[in-house]
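Taking it in order: structure first as structure tokens, then the write-up.
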Amino acid sequence: MEKSKIGRRFEGKVAIVTASTQGIGFSIAERLGLEGASLVISSRRQRNVDEAVKKLEAQGIDVLGLVCHVSNAQQRKDLIEQTVQKYGKIDVVVSNAAANPSVDAILDTQESALDKLWEINVKTSILLLKDASPHLTKGSSIVFISSISAYQPPPAMAMYGVTKTALLGLTKALATEMAPHTRVNCVAPGTVPTHFASFITDNDTIRNSIMEKTPLKRLGTPEDMAAATAFLASDEASYITGETIVVAGGMTSRL
């Protein structure tokens, strides 16, 4: 979407987006910032944070960049504390961090890889919200970033898909638990050519096969995912909670 056509739904709001210095996470942060949000972005590497902050500030976006490996308890707490110190509140949290350390079949996956998958993709989302919840405003919004693989985990990333399925359940459970003052929703992206998905999208045969099976005959873009996330996080979705929007060009999405 042309930036001139983007609204200002997040004026006066404060948004945290994890794993937000590139790919889908960066596009989500950029969209929220262009719509007026004061942003807090994070990544595991300081250099990535600095580069992303520079890009966002060049667009006139108010942004605080912090190093945060979501599995590091102190860094999670610092992320929340520094957000509150600077902005005084939290209106939006987008939990985007994910890992896929193994392409083995589930029963061949090393226990250490299983632990990392559950920790990064599911557990840390819960722990981040435990830290953030005392500072969430009335009418606040949480958005988890899941995946189309939640509905049919593909062989090369089956356990990753299972952890993303867990986020669908977590969305439902927390929507009830955090109501009525906080809404909890989820976006399930289809295949998007980012660095994270490069082992799929850089392969011409696999990429073309995915596009052929997708009714809209194209891959998704980070901006597609940002638009859906911004809608769910905004007051326009004020009567939506516990739901997952699949943004996958019509790919099958049923458990």
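Numbers here simply count residues along the sequence, with the first being 1.
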Distance, nearest 0.5 Å, that separates [atom1] of [X] from [atom2] of [Y]:
X	Y	atom1	atom2	result
Ser20	Asn48	OG	CG	10.5 Å
Lys130	Arg76	NZ	CZ	9.5 Å
Ser38	Lys86	OG	NZ	8.0 Å
Asp115	Thr109	CG	OG1	11.5 Å
Leu216	Met251	CG	CE	11.0 Å
Leu170	Thr163	CG	OG1	11.5 Å

What pair of heavy atoms forms the shortest contact from [X] to [Y], and how long is it?
X	Y	value
Pro189	Ser146	CD-O, 3.2 Å
Ala230	Phe10	O-CZ, 3.3 Å
Ala97	Ala19	CA-CB, 3.6 Å
Leu66	Gln82	CD2-OE1, 3.2 Å
Lys13	Asp235	NZ-OD1, 2.8 Å
Ala150	Pro153	O-CD, 4.4 Å

[Y] side chain reached by [X] side chain, heavy atoms, under 4.5 Å:
X	Y	value
Leu174	Glu177	yes
Leu128	Ile80	yes
Val192	Leu219	no
Tyr160	Asn121	yes
Ile41	Phe26	no
His135	Lys89	no

Applying a strict under-4.5 Å side-chain criterion to I, L, V, M, F, W and Y, I'd like to know whether [X] and [Y] cluster together.
X	Y	result
Leu127	Ile142	no
Phe144	Leu168	no
Val246	Leu232	no
Leu129	Leu167	yes
Leu136	Val70	no

Any donor-acceptor pair under 3.5 Å from [X] side chain to [Y] backbone:
X	Y	answer
Thr124	Glu119	yes
Arg183	Ser234	yes
Lys164	Ile145	yes
Lys172	Gly242	yes
Asn100	Met157	no

Exercise for the section: Any chance you could lay out the side-chain hydrogen bond (donor to acceptor under 3.5 Å, both in side chains) test for Asp91 and Thr137, step after step, and finish with the verdict? Expected result: CA-CA 6 Å; Asp91 298 292; Thr137 58; 2.7 Å; yes
Problem - By side-chain contact (heavy atoms from CB on, under 4.5 Å) - contacts of Lys116 (at least two apart) - result: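 So Lys116 forms a side-chain contact (heavy atoms from CB on, under 4.5 Å) with Ala99, Pro101, Ile120.
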Problem - Step-by-step side-chain hydrogen bond (donor to acceptor under 3.5 Å, both in side chains) determination, Ser140 to Thr182 - result: CA-CA 5 Å; Ser140 55; Thr182 298; 2.7 Å; yes
So with a 6.0 Å cut-off around [atom1] of [X], is the heavy-atom count from everything else above 12?
X	atom1	value
Leu255	CG	yes
Glu57	CD	yes
Arg8	CZ	yes
Arg44	CZ	no
Arg45	CZ	no
Lys217	NZ	yes
Glu81	CD	yes

Handout entry: Salt bridge flag under 4.0 Å for residues Glu35 and Arg31
Key =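 Counted as a salt bridge, because a side-chain N and a carboxylate O are separated by less than 4.0 Å.
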Problem - side-chain hydrogen bond (donor to acceptor under 3.5 Å, both in side chains) evaluation trace for Glu212 with Asn208 - result: CA-CA 6 Å; Glu212 184 60 33; Asn208 291 335; over 6 Å; no
Problem - Among Val187, Leu39, Val143, Val94, side-chain contact (heavy atoms from CB on, under 4.5 Å) partner for Ile28 - result: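 Filter result, single survivor: Val94.
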Problem - Trace of the side chain to side chain contact (heavy atoms under 4.5 Å, CB included) decision for Ser253 with Ile148 - result: CA-CA 7 Å; Ser253 55; Ile148 189 65; 3.9 Å; yes
Exercise for the section: Applying side-chain hydrogen bond (donor to acceptor under 3.5 Å, both in side chains), name anything that partners Thr244, two or more places apart in sequence or on another chain. Expected result: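 Checked Thr244 against side-chain hydrogen bond (donor to acceptor under 3.5 Å, both in side chains); zero matches.
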Exercise for the section: Mind running side chain to side chain contact (heavy atoms under 4.5 Å, CB included) on Glu51 and Thr21 for me, showing each step along the way? Expected result: CA-CA 8 Å; Glu51 290 175 356; Thr21 60; over 6 Å; no
Exercise for the section: Any chance you could lay out the side-chain hydrogen bond (donor to acceptor under 3.5 Å, both in side chains) test for Asp224 and Thr221, step after step, and finish with the verdict? Expected result: CA-CA 5 Å; Asp224 291 328; Thr221 67; 3.1 Å; yes
Exercise for the section: Start with the C-alpha distance between Thr229 and Asn96, add both sets of side-chain angles, then the distance that settles side chain to side chain contact (heavy atoms under 4.5 Å, CB included), and finish with yes or no. Expected result: CA-CA 11 Å; Thr229 303; Asn96 175 61; over 6 Å; no
